[in-house]
Every structure is written in C-alpha cells, then in structure tokens.
*Asks:* 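After the structure tokens below, expect a handful of questions from me.
A note on names: the letters A, B, ... follow the listed sequences, proteins ahead of strands, and every chain is numbered from 1.
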Amino acid sequence: MDVSYILDGLNDAQREAVAAPKNNLLILAGAGSGKTRVLVHRIAWLMEIEHLSPASIMAVTFTNKAAKEMRGRIEQMLDIPARGMWFGTFHGIAHRLLRTHWRDAQLPENFQILDSDDQLRIVKRIMRELNVDDSRWPPKQVQSFINSQKDEGLRAAHLPPVHSIYDKTMAMLYQAYEQQCQQSGMVDFGELLLRSHEIWLNNPALLSHYQERLSYLLVDEFQDTNTIQYAWLRVLAGDKIPIMVVGDDDQSIYGWRGAKIENIQQFQNDFQHAQVVRLEQNYRSTSTILSAANTLIANNGNRLGKQLWTDGNDGEPIDLYAAFNEQDEANYIADRVSAWSQNGRMRSEAAILYRSNAQSRVLEESLIRQAIPYRIFGGLRFYDRQEIRNAVAYLRLVYYRHDDAAFERVVNVPPRGVGNKSVSDLRARAREQSTSLWQATVERLQLGLIKGKAATTLTHFIDMIDGFSIEQENLSLSQLTEQILAESRLLEHHAGEKGEKGQARKENLLELINATKDYEPEDDSVSPLSEFIAQAALDAGERQAEEHEDSVQLMTLHTAKGLEFPLVLMAGMEEGLFPHQMSMEDPVRLEEERRLCYVGVTRAMEQLVMTYAEARRLYGQEKFHPVSRFIREIPTDLIQEVRLKNTISRPVSFSHSSSFSIEEDAPAFHLGQLVAHKKFGEGTVLNYEGKGPHARIQVMFPEHGNKWLVLSYAKLTPL
DNA sequence: CCCCTACTGATCCAC
DNA sequence: TCAGTAGGGG
C-alpha cells in the first residue's frame with residue numbers, strides 16, 4: 001500500500017511522531033510547528049498502517065472548534081466520513097458516556113446539562129433557602145469554589161476537614177448544591193467529568209469494555225488539562241490503551257482555570273515508556289520574531305525545553321512604539337493598520353492583541369475615527385446571550401418538563417404577569433413535595449390553589465408548552481423553534497427592545513433558527529431536539545454575525561492562541577497591565593504571564609509591533625507605568641524604536657487643562673527643540689506634561705531611546 | 001413591571 | 001472611569 005501521502009511533506013520530527021510505534025507518545029509541539037498536521041497524519045497512519053478501526057480511536061480536544069477542524073481534516077485526507085470515531089471535547093465525550101450509561105451513573109435518562117448561568121441561579125437559590133447572606137458570600141465566589149473543587153476532582157464529601165468559617169460555609173453550600181443537582185437530575189460541566197470518571201472507577205467491567213474497544217487515545221493541548229481531566233485519561237488508558245498527547249508547556253496559559261502545567265511534566269512518569277518527540281522547526285515566523293520569543297521564554301524556569309528555529313529569513317525588526325498615552329497608542333496602531341492596507345495587504349491579516357478586554361475601547365475609537373473596519377473576536381458566547389438562552393429554555397421545557405432552571409427562566413419571559421411572589425410560592429411547594437416546578441404548577445392549578453391573573457396565565461403557559469410538544473411530532477426542529485418564537489412572542493419581545501439591541505437580538509434569534517437546521521431528523525435514534533439542547537450547552541457556537549468586509553482582528557492574547565497573522569500588534573506593554581497587576585507578585589503566575597507574552601509574539605508571521613503608553617488612564621486615574629519587563633527581556637538588537645516624524649504634534653486629547661502652555665511651564669523648551677543631557681547626550685523634545693515641580697518632558701535620545709524626564713531633576717540644557 | 005439612581009468593583013474564559 | 005446590577009418609586 002502506498003503510504004507516501006501520509007508521510008510526504010513532513011519534516012523528520014513530524015515523521016517520527018506520525019510513524020511512531022503504537023506506544024505512549026509525548027509530542028512537544030512548539031508554536032507554529034505543524035501540530036495539527038501531525039495529529040491528523042498520525043490518525044491517518046493508525047488507520048491505514050496499523051489498521052485501527054475508526055471506532056477504536058478517540059481524539060480529545062478542548063474546544064468544539066478544534067474537534068470539528070480535526071474531523072474535517074481527517075475526512076478530507078482519507079476521503080471517508082470519520083464515522084464512529086470518538087472526536088470531541090472532554091466534556092462532549094463525557095456527556096456521551098453518561099448518556100449511554102445513565103443508569104450506572106445514577107442519573108435520570110434525560111438528565112440536563114447546567115451551564116454556568118444556570119449554575120449561578122441554583123447557587124443563589126440554595127443560598128436563599130439556607131439563609132446565607134449573599135453580601136458576605138458572593139454567589140459568584142461560591143460558584144467558583146464549587147467549580148474549582150470539581151476541577152480538582154473533589155466532591156463535597158472529599159473535602160478535608162476545615163475550620164475557618166469561610167471553608168465551612170463553602171463546604172456546606174457545595175454539599176447542598178450537590179444534593180440539589182442530584183435530586184433534580186442536573187449535571188454541570190465539572191460533574192460530567194467527575195461522574196464519568198467515577199463510573200469507570202466503580203465499575204471495572206464497564207471500564208474494561210472501553211479499554212477493549214479503544215485502541216488509541218490522542219489528546220490535543222495537553223498542557224491545558226486540569227486534575228480531573230488528567231485522572232480521567234489515566235483511568236481510561238490504564239496500562240491498556242496507548243496514548244499520544246500533544247502540547248507545549250510554554251503555551252500553558254490557563255492555570256487560572258485549573259489547568260496544571262505539571263501534567264505535561266508528569267506524563268513520562270505516569271505513562272510508561274513514553275517516547276518524546278520535539279517539534280521545533282517553525283513554519284510561521286521570521287527568525288527575528290523567533291529569536292525574540294526564544295530569549296523571552298528562556299526567562300522561565302522548569303521548562304521541558306525547546307528551541308524554535310526556522311530556515312526562513314530574518315524579516316523585519318520588531319517595532320516598539322512608546323506612546324504618550326493610550327489615545328496616542330491607539331492612533332499609532334490604527335495608523336499602522338492603515339499603512340498596511342494601503343500597501344495592498346488585507347486588513348484581516350492584521351491582529352491587535354491586548355491583555356484585558358477593557359483595552360479594546362480606546363483602540364476601537366481610533367479605528368472608527370479612521371474608518372478602519374474591525375472585528376472583535378471572542379466576547380460573549382452565542383449561546384450565552386440572553387435572548388438565545390431564553391429560546392433554548394423553551395426548547396428545554398418542551399423536551400423535559402421538569403427542567404426547573406428552564407422553567408424559572410422563561411415562566412415570565414416575555415412578561416406575562418407571573419410575579420416573584422407566584423414563583424417563590426411554587427418553589428416552596430415544589431421543595432415540600434420534592435417535585436419539579438412544572439409538576440407543582442400543574443397540581444396547584446388542578447386543585448384550584450392558584451388565584452387570579454396568575455392562574456390564567458400559568459394555565460396558558462402550561463398549555464402552550466404542552467401544545468409545542470404535540471406539534472413537535474409533525475415539525476422539524478427549525479419549524480418547532482420558529483413556532484415557539486412566534487407563539488410565545490419571544491421574538492417580538494426581544495425585537496421590541498429599545499435601541500440597536502432589539503435589532504441585534506432579533507437577528508440572533510433568527511440565526512438560532514438557522515442553527516437548528518443542522519439538526520433535522522436523521523436515521524439516528526436520538527432526537528434532534530435533545531441533540532441540539534446538549535450542544536447549546538456544550539458548544540460556544542462560533543456564530544458571531546460574520547462580517548464579510550475585510551477587517552482587522554481585535555482580541556485578547558488568550559483568544560489569539562492557536563491563530564497566526566502576518567502582522568501582529570501587541571498593545572499595552574506596560575508593567576501592571578502586562579504582566580497584569582494581579583499576577584506580578586507571585587512568581588508562578590508571573591511565569592504564566594510570560595508564557596502569554598510568548599504566545600502573543602509567536603502569533604506573528606512577518607511583522608511584530610509592540611506599543612506601550614507612558615501614561616494611561618486606568619479606573620479613572622492617570623497612571624505612569626514603566627515599560628513591560630517582557631520588552632526588556634527581548635534582545636535590543638531585534639527591536640527598533642519607532643521615531644516620530646519630524647512634525648511633532650501633541651494629541652489634542654492629551655492636554656490636562658486648557659490653560660496649559662509651553663511658556664509657563666517650560667519656558668526654555670519647545671517641541672522639537674534640541675537639548676543636551678549629561679548622561680544621555682543630545683536629544684529632541686517630543687512631548688511634555690504636568691505642571692510645576694511635576695512637569696515631565698519626553699526626549700528622544702538617538703543613543704538611548706525615548707525618555708520621560710522630570711524637568712526639575714533632569715538638568716537639561718537647551719541647544 | 002419598568003425605569004431611574006446609587007453602588008460596586010475591576011485579568012484571562014472553554015465546556 | 002464606567003459598566004453592570006440591585007433596589008426603590010412611579
């Protein structure tokens with residue numbers, strides 16, 4: 001059999017990985033080293049050469065997007081539908097397991113997945129019921145406590161004995177939350193993993209069933225696995241199934257959500273005889289950019305160690321621009337993008353990256369002012385939008401009447417006169433009888449215990465949902481959705497919201513109908529409705545209204561991971577912003593910040609531009625942050641400080657007060673003037689700010705770059 | 001039920 | 001600074 005198409009075009013390391021024996025395998029894949037390619041070719045190899053059946057291969061990723069991409073590329077390469085193959089996220093696969101083995105998992109057959117919003121509502125409700133003061137214990141904090149325990153694989157019963165009032169309160173709430181979920185058959189994200197891990201542990205026969213059925217595991221982005229995911233893989237693999245993990249410890253940037261970089265370091269100890277392959281040849285960036293990345297990341301300790309290289313050329317130096325303030329920074333960035341597109345390049349080839357979302361506003365304003373189309377990546381998940389969640393809640397109710405979270409969400413949306421009082425009444429009833437809200441409502445209506453307007457509207461609501469269920473028989477999922485949106489008047493309700501919001505929400509709802517069209521009845525036995533509901537919880541839905549106009553991409557450094565752009569602009573390279581204030585003290589977290597910077601730098605293919613602002617308004621105050629240490633960690637010969645053009649002009653927005661003038665504060669100096677400093681030599685005045693003893697002046701020294709100097713100390717001589 | 005005001009708090013975010 | 005929200009009054 002001709003296998004050349006599997007190995008052709010791969011470099012030696014890639015080939016070694018793809019054609020490795022069917023053993024444990026750790027692939028350390030540097031940025032831009034062809035990681036996905038290796039994964040896809042490896043699967044092809046396993047099927048074609050090792051003759052593994054699709055159904056015996058499981059490939060795990062972190063996002064649905066990655067899973068979809070991998071599946072698509074396999075199908076394309078082998079020209080067969082990757083049917084029966086286990087492609088998915090940890091959570092997606094765990095969900096599938098629980099759905100199959102719901103009895104072993106002690107779950108109702110149609111258990112529901114809680115997303116974080118549902119989860120928060122439940123936490124709030126429990127706190128109300130237990131009379132826990134929510135100003136002292138913020139529900140969000142409780143929620144994140146619960147989730148991080150689950151990430152660590154700990155149930156309430158597993159928590160070590162605790163003494164502080166904080167720990168006791170959290171443990172008590174965790175326990176109550178667990179009970180509530182179990183009682184109403186609801187499963188949150190962490191629970192999917194926890195529960196499927198447990199059914200394997202408690203049920204050796206079931207575990208060996210899977211161990212016999214599967215003959216190879218592959219895991220992408222292994223550096224992002226958390227404790228429970230790692231445990232899950234270890235149990236499943238046992239010493240039965242060989243596993244290949246692919247990752248890059250230098251790109252581990254999700255420690256704050258439970259990822260354990262140690263997992264990738266631990267792999268060789270826990271999985272016997274693992275072969276290690278390093279993919280270090282980079283096909284993405286110029287060697288200038290790679291050198292910068294390499295020296296930067298070398299400042300971290302405890303690395304598994306990799307050195308990226310390329311046989312490409314040096315390319316352009318890294319541009320560094322010291323802005324007066326964040327406005328000036330934004331203008332400069334917009335100028336660069338505009339110059340880029342005037343040079344005939346696509347705007348979509350350029351990305352503006354920043355550490356925190358708050359930075360995007362100023363950038364957007366500049367882009368708007370210069371009429372440069374842009375697109376913000378990330379932001380709210382499609383399925384997290386209010387209107388979408390409402391619509392999905394209707395679908396959930398149609399599918400499963402006892403879904404309390406869904407019931408609560410839409411019983412009064414659009415407003416139909418079922419007030420807080422009625423609902424809390426029903427809640428109390430439901431709790432007394434240990435039934436669902438739906439059940440309680442139906443019973444109380446039958447007994448005539450609900451009076452007045454609430455009675456009529458609730459009856460109508462119940463009948464409406466029942467009606468949808470009946471109609472569902474004859475309708476496709478999209479028709480059903482359309483019907484629900486119309487008859488419940490949800491579409492009308494959202495469309496009528498004031499401002500542009502109404503229009504946007506209407507469009508999103510229409511987009512939802514569109515999305516349901518992928519779920520028309522097939523030969524599958526599972527209902528499209530339940531399929532769709534599960535995916536609404538498990539899939540972010542990359543359905544941001546797609547702009548077809550050529551636009552610059554704006555995103556945080558985190559969301560940029562995995563992407564690449566010919567031109568990358570990194571904004572806000574200042575201490576306190578990046579590395580972020582909250583991560584500066586702790587060396588462990590500081591290293592994660594550095595990895596994040598490494599991720600940013602390695603996104604750039606041809607040109608990297610970094611900017612920082614000497615002064616920045618932050619939380620209403622003007623801050624002066626020094627340039628980021630990460631910039632100082634890049635060799636200076638790779639960096640070129642951008643000089644201003646000879647026409648020096650101050651951004652209008654910069655003046656602190658209108659009465660400000662050169663003559664008053666710095667009579668001897670004016671913009672563009674040549675001055676001498678005893679240490680830095682001759683330079684040109686670029687800017688100034690402040691008054692009296694605080695007045696500062698910015699001077700560009702050819703030998704030493706841009707400096708802000710305090711006038712009263714600097715002892716500058718005009719020339 | 002809706003709107004206005006007062007207050008809070010503020011990285012990164014997939015499932 | 002400002003965005004998001006909780007609570008009171010119309």
*Asks:* Determine the contact category for Asn412(A): base if any of its heavy atoms lies under 4.0 Å from a base atom, sugar-phosphate if only primed atoms, P, OP1 or OP2 are that close, otherwise nothing.
*Replies:*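 The residue Asn412(A) makes sugar-phosphate contact but no base contact.
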*Asks:* With the side chain of Thr63(A) defined as its heavy atoms from C-beta on, choose the nearest nucleotide among dT11(B), dC1(B), dC15(B).
*Replies:*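 My answer, after comparing the listed nucleotides, is dC15(B).
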*Asks:* Report the residue (Gly190(A) or Glu593(A)) whose heavy-atom-nearest nucleotide on DNA chain B is the more 5′ of the two.
*Replies:*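 Nearest nucleotide further toward 5': that of Glu593(A).
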*Asks:* Using a 6.0 Å distance limit plus a 45 degree cone around the ring axis, check whether Arg96(A) lies over the aromatic ring of Trp86(A).
*Replies:*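 Yes, cation above the ring, under 6.0 Å and within 45°.
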*Asks:* Atom CD of Gln535(A) to atom C1' of dA14(B): distance rounded to whole Å?
*Replies:*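 Nearest whole value for this atom pair: 14 Å.
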*Asks:* Can you check the Phe377(A) CZ to dC13(B) C1' distance for me, whole Å?
*Replies:*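 That distance rounds to 15 Å.
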*Asks:* So, His580(A) and dT11(B): ring centres less than 5.5 Å apart, planes less than 30° off, yes or no?
*Replies:*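 Yes; by the centre-distance and plane-angle rule, His580(A) counts as stacking on dT11(B).
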*Asks:* To the nearest Å, how far apart are Arg257(A) CZ and dC13(B) C1'?
*Replies:*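 Spelled out: CZ on Arg257(A) to C1' on dC13(B) is 5 Å.
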*Asks:* By nearest atom, which of the nucleotides dC15(B), dC13(B), dC2(B) is closest to the Pro415(A) side chain?
*Replies:*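 Closest nucleotide to the Pro415(A) side chain: dC2(B).
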*Asks:* Whole-Å distance between dT11(B) C1' and His625(A) NE2?
*Replies:*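 Atom NE2 in His625(A) sits about 14 Å away from atom C1' in dT11(B).
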*Asks:* What orientation do Tyr230(A) and Phe222(A) show, parallel under 30°, tilted 30 to 60°, or perpendicular over 60°?
*Replies:*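 Rings of Tyr230(A) and Phe222(A): tilted, as their planes differ by 30° to 60°.
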*Asks:* Provide, to the nearest angstrom, the distance between the CG atom belonging to Leu353(A) and the P atom belonging to dC13(B).
*Replies:*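 After rounding, the gap between these two atoms is 12 Å.
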*Asks:* Provide the full list of ring pair (Phe, Tyr, Trp, His ring centres under 6.0 Å) pairs with a residue in residues 583-603 of chain A, sequence neighbours left out, each pair given once.
*Replies:*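 Qualifying pairs: none.
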*Asks:* Scan side-chain atoms only and decide if Arg617(A) and Asn325(A) contain a donor-acceptor pair under the 3.5 Å cut-off.
*Replies:*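 Asn325(A) and Arg617(A) do not have a side-chain donor-acceptor pair below 3.5 Å.
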*Asks:* Quick check: any donor-acceptor pair below 3.5 Å linking the side-chain of Arg355(A) to the base of dC12(B)?
*Replies:*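 Side chain to base: pair found, below 3.5 Å.
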*Asks:* Verify the distance criterion only: is there a donor paired with an acceptor across the side chains of Thr456(A) and Thr459(A) at less than 3.5 Å?
*Replies:*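 On atom types as modelled, these side chains do not qualify, holding no pair under 3.5 Å.
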*Asks:* Please tell me whether Phe111(A) and Trp102(A) form a close aromatic pair, meaning their ring centres lie under 6.0 Å apart.
*Replies:*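 Judged by ring-centre distance (under 6.0 Å), Phe111(A) and Trp102(A) do not meet the cut-off.
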*Asks:* Name the orientation class of the two ring planes belonging to His558(A) and Tyr254(A) (parallel below 30°, tilted from 30 to 60°, perpendicular beyond 60°).
*Replies:*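 The rings of His558(A) and Tyr254(A) sit tilted, inter-plane angle from 30° to 60°.
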*Asks:* In whole angstrom, what separates Gln229(A)'s CD from dA14(B)'s P?
*Replies:*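 Rounded to the whole Å, the gap is 14 Å.
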*Asks:* Would Trp256(A) count as stacking on dC12(B) if stacking means ring centres less than 5.5 angstrom apart and planes tilted under 30 degrees?
*Replies:*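 Aromatic stack with dC12(B) present for Trp256(A).
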*Asks:* Taking the C1' atom in each of dA3(C) and dA14(B), what is the distance between them to the nearest angstrom?
*Replies:*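 The same atom, C1', in both gives a distance of 24 Å.
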*Asks:* I'd like to compare against my own output: the B/S/- annotation of nucleotides 1-10 of chain C with a strict under-4.0 Å heavy-atom distance to protein.
*Replies:* BSS-------
*Asks:* Mind checking the C1' distance from dT5(C) to dC12(B)? Whole angstroms is fine.
*Replies:*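 Each nucleotide's C1' atom is 23 Å from the other's.
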*Asks:* Specify the separation, in whole Å, of atom CG of Asn226(A) and atom C1' of dC15(B).
*Replies:*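 In whole Å, dC15(B) C1' lies 11 Å from Asn226(A) CG.
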*Asks:* Have a look at Asp224(A) and say if it touches a base, only the backbone sugar-phosphate, or nothing, with a 4.0 Å heavy-atom cut-off.
*Replies:*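 No contact.
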*Asks:* Starting at atom OH of Tyr254(A), determine the distance to atom C1' of dC13(B), rounded to an integer number of angstrom.
*Replies:*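 Interatomic distance, OH of Tyr254(A) to C1' of dC13(B): 6 Å.
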*Asks:* Do His101(A) and Tyr210(A) have ring centres separated by under 6.0 Å?
*Replies:*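 Between Tyr210(A) and His101(A), which both carry aromatic rings, the centre distance is below 6.0 Å.
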*Asks:* Which listed nucleotide (dT11(B), dC15(B), dC13(B)) is nearest to the side chain of Thr556(A)?
*Replies:*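 The listed nucleotide nearest to Thr556(A)'s side chain is dC13(B).
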*Asks:* Is the phosphate of dC15(B), meaning OP1 or OP2, less than 4.0 Å from a side-chain N or O of Asn64(A)?
*Replies:*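 Result: yes.
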